[in-house]
Amino acid sequence: MPHDALTLSPHTVEALFPFHFLLGCDDEQIVSVGLGLRELLPEDYSSLALDQLFEIIRPRNDGLTVSIIKQHLRCSFILKMKQSNIMLRGQFLVTMENTVLFIGSIVVSASNSLDKYGLSLKMFAPFDLTPDIVIMHKFREIELADRQKRSERLSEMSRSHDELNVHANTDELTNVPNRRGFWRKGESVLKKLRGNEPAKLLLALMDLDNFKLINDHFGHETGDDVLREFAARLAQVVGSKGLVGRLGGDEFVVMTESIDRHDLHGTAIQILNAVNRPFTRENLQLPLRASMGVVEVCATDTMESAIHHADVAMYEGRANGCGGIFWYSDEFSKSVQDKAEMMVRLEKAIESNSIEPHFQPIIDLATSDLVGFEALARWNDGERGMVRPDIFIGLAEELGLLIELDMAILTKTLDQLSLWHGHGKMYCVHVNVSAASIQQTLIERVSDELQRRAIDPKHLILELTETTIIENTDLVREVIKGLSAHGIKVQLDDFGTGYSSLSHIRDLPVSGIKIDRSFVGDTDGKARKVLHSVVNMALDLDLDIVAEGIEEEEQLVFLKNIRCKYAQGFYIGKPGTADVCEQLFPQLIKLAA
Amino acid sequence: MYGMVNRAIEDLVVSSAGVEVWNEVRQAADVEPDGFLDSASYDDDVTYRLVAAASKVLQQPAEDILRAFGRHWILYTGKEGWASVFDLGGDNMVDFINGLDNMHARVQIALPDAQMPQFSVVECDGYLELTYRSIRTGFAPMVLGLLDGLAEQFDESWDIEHVVEKTETQDDIFHLRNSKQTGQIDEADAA
Ligand code: HEM
């Protein structure tokens, strides 16, 4: 036995090489075949010659005979089975029994890898990769399917994300971007603007002046139609170079580019014109009127600041009357800013009770005696000094602090009055009461304050303007009645400037009137006659009558002559703090004598 | 365990009880609604949770669920989705059982992350002794179901008994006894 001889039992050969076959050297007939190969060969294989079973592919051009095999013992053979396309690859060995053993396996090519010809695992050698290829192929298929699934899942996710996004950023009713959507898009437009300075960008905020009316009168459906039309008109007028959004309610916003500042104005007008056309539906024609706050957006702006500025312009503009375009400007913004700051300071001043009454003397014209004072609210706004009463009272009204202001002045005045009374100076005081303070509770509050200081109510005269009365005549009547029941007098202020004054005198239990300064100042003959008859009427009705705004001696003399009872004005005495006006008074009165 | 195992559980619940019930099971098992990817490896805990949840929702012992799952895998999921691989196992019970270990060993090559079970078969007098070794515990009922399924698949009749249960030192052992081949006509009948 050669020293490199190896002994394998037929059983082992069978297990290791299911595709082997054994060939007799002499008759060149197949002696036996492996389990796998047997499955593939024709049943009568043992009676067939080798070249009837196999075709030789390799070694090239050599026939399949034992002698040729023996010449190529170190070569790889590839045999193709005659009846099928199955190929075997392997090597021939010469055995001790003078037989030739082919050991090999079937060849699996990529194209027919899955074609395992009905063979099962036990027919493959452990090292035969055919089953592995089948398995790998299956897993590859699964992996591909999973990859497909994954990408579908991803695109599904991104699609629903997109849909969600669109949904979240669009106003359902009008189909234009909602606040969120507009904000986002606007922000990216701003970003571009920063890199492209020369382009002019306009942001216009607008709402319909009469939208509430339309909604109330014609119903929400019509209201919705109007909003849709509003959005459509805006979208049409700004076209592709602009952006339209609905911020809520009937508030829309537009952002659009212009070539230059001039064009900016033109664009704003175009937008307003587009919106201001009447809305027509069937036989309904509704006029539409919008107010529009417009701002030129600069590169330093944020969406927040741009919208805020347009908002400020729109509201401030509207405060000065409805409809039209209101441009936001720096001075404008400064005044708005100033106002806002002043409001903060005023609120503090009211809270800390630092708004003071100043007192303006009122004299009895017949005797020239000082009978009392009108208390006038004065605010010293540290930064800006004294602020005109009409300004800060207006601000207090905006702040909703009129009642607090009225009460602060009332209590401080009563404090001063009780001091005067304490010194035996039995003056009266006139205190102004604003419309806001006219409430049932006023009666109790005022009489409480009087009682607390033991002041006889007859020394307090509350002054109401005619406008106050007009606003709520019934309530005012009740309150005045209540006040007079407590002995507190009420006078009509600014008499003659407002409405049908006479009916008020007749209907309301007022104790007197204060003639407006405009009557006193007018020296024209007719005016004097009116003044005269008003005084006469008051006398007839037994009403107290005070003329205010006396600035000259002549006016004082005239009023004295027509028997007007009381007077007040710069000529008699300017308003001042309690001490100052008392000191000055004797000198002034001498002038009048 | 690979996703295909979990997905096969899904397949069983959906086909036997409907999508609604599956959603219930899924939620009870705290599993995302996305579905499993066959080729991804999941924590074994997911599989255990699914079996526990299915047992709770369907009000059946976990063993029954696992057994039903094994059978279902062979007869439907595996047979349909894995036909090419399945066929490699052979066309009869004995071949298939004998090739089981070889099959899993080859699958292991394709799925390096898998923790494949190991099977060995000894032919005894009148029965096959199948030893099942796994790093996991609790899947013996599934093996019973798988074997049930195989027998049904090949239209053969086998008594399958779980004779030894897994302990720390001992693997699960099953005895398979061929009772009658349904496909064959009884000699008595033929006469
Ligand atoms: C086409 C046939 C089959 C294929 C391709 C296959 C493949 C697999 C795969 C991929 C796993 C998952 C392993 C992991 O993720 O860690 C597995 C597990 C398993 N297989 Fe198979 N299998 C087949 C047939 C069978 C059969 C007929 C049985 C019958 C006993 C069986 C018994 C098991 C068991 C019990 C497990 C659970 C894992 C464990 O016990 O650790 N398999 N198989």
Side-chain angles (χ1 to χ4, degrees), chain A residues 11 14-19 34-36 38-40 86 105-106 108-161, chain B residues 1-8 10-11 31-42 73 77-114 116 119-121 123 128 150 153-154:
Chain A
H11 183 78
E14 180 68 58
L16 285 178
F17 311 112
F19 287 94
L35 202 59
R38 197 177 306 144
E39 290 283 320
L40 306 174
I86 301 171
S105 57
I106 61 171
V108 181
S109 71
S111 58
N112 68 356
S113 64
L114 289 181
D115 215 350
K116 55 192 179 342
Y117 317 106
L119 300 170
S120 64
L121 280 177
K122 66 174 182 186
M123 297 168 191
F124 294 96
F127 49 81
D128 195 331
L129 293 183
T130 302
D132 300 60
I133 289 173
V134 172
I135 291 169
M136 294 267 191
H137 188 276
K138 181 70 213 171
F139 278 100
R140 183 76 190 134
E141 238 175 56
I142 289 178
E143 258 171 21
L144 288 175
D146 279 351
R147 193 174 297 174
Q148 174 80 11
K149 231 188 259 173
R150 240 187 226 126
S151 77
E152 272 169 17
R153 214 184 269 171
L154 271 177
S155 66
E156 172 71 19
M157 254 166 70
S158 75
R159 192 170 41 240
S160 61
H161 188 249
Chain B
M1 201 100 83
Y2 267 79
M4 57 192 149
V5 175
N6 299 327
R7 216 169 66 85
E10 170 178 351
D11 195 37
V31 168
E32 294 289 316
D34 279 352
F36 299 102
L37 294 175
D38 286 333
S39 63
S41 181
Y42 294 80
W73 195 86
T77 322
K79 191 173 135 192
E80 284 158 21
W82 292 82
S84 58
V85 178
F86 199 89
D87 290 348
L88 267 179
D91 61 1
N92 62 82
M93 189 76 166
V94 176
D95 277 359
F96 208 101
I97 302 289
N98 276 304
L100 212 48
D101 195 60
N102 190 355
M103 166 78 81
H104 283 96
R106 292 194 186 254
V107 171
Q108 176 87 68
I109 302 295
L111 304 179
D113 289 344
M116 285 296 182
F119 296 93
S120 57
V121 185
E123 288 191 31
L128 295 177
L150 283 178
Q153 166 65 24
F154 300 125

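Sequence lines set the chain letters: A, B, ... in the order given, protein chains first and strands last, and positions in each chain run from 1.
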Handout entry: Whether B/Asp38 side chain and A/Ile142 backbone form a donor-acceptor pair below 3.5 Å
Key = no
Mind checking the [atom1]-[atom2] spacing from [X] to [Y]? Nearest 0.5 Å is all I need.
X        : Y        : atom1 : atom2 : answer
A/Ile133 : B/Arg106 : CD1   : CZ    : 10.0 Å
A/Ile135 : B/Trp82  : CD1   : CH2   : 8.5 Å
B/Asp87  : A/Leu119 : CG    : CG    : 11.5 Å
B/Leu37  : A/Arg147 : CG    : CZ    : 11.5 Å
A/Arg150 : B/Ser39  : CZ    : OG    : 6.0 Å
B/Leu88  : A/Lys122 : CG    : NZ    : 13.0 Å

Exercise for the section: Classify the side-chain pair A/Ser120/B/Asp95 by whether it contains a donor and acceptor separated by less than 3.5 Å. Expected result: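 No, no side-chain donor-acceptor contact under 3.5 Å.
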Problem - Working for side chain to side chain contact (heavy atoms under 4.5 Å, CB included), residues B/Ile109 and A/Met136 - result: CA-CA 8 Å; B/Ile109 302 295; A/Met136 294 267 191; 3.6 Å; yes
Handout entry: Closest contact, heavy atoms only, A/Lys138 versus B/Ser84
Key =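 Heavy atoms only, the tightest pair is CD-OG, 3.9 Å.
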Practice task
Please say whether more than 12 non-hydrogen atoms of neighbouring residues, nucleotides or ligands are located less than 6.0 Å from CD in A/Glu152.
Solution key: yes
Problem - Atom CZ of B/Arg7: over 12 foreign heavy atoms under 6.0 Å - result: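 Open: at most 12 neighbouring heavy atoms sit under 6.0 Å from CZ of B/Arg7.
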Problem - Residue B/Phe96 versus chain A: region with a heavy atom under 4.5 Å - result: neither
Exercise for the section: Pick one of side chain, backbone, both or neither for B/Met103, based on which atoms fall under 4.5 Å of a heavy atom in chain A. Expected result: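 For B/Met103, heavy atoms of backbone and side chain both lie under 4.5 Å from chain A.
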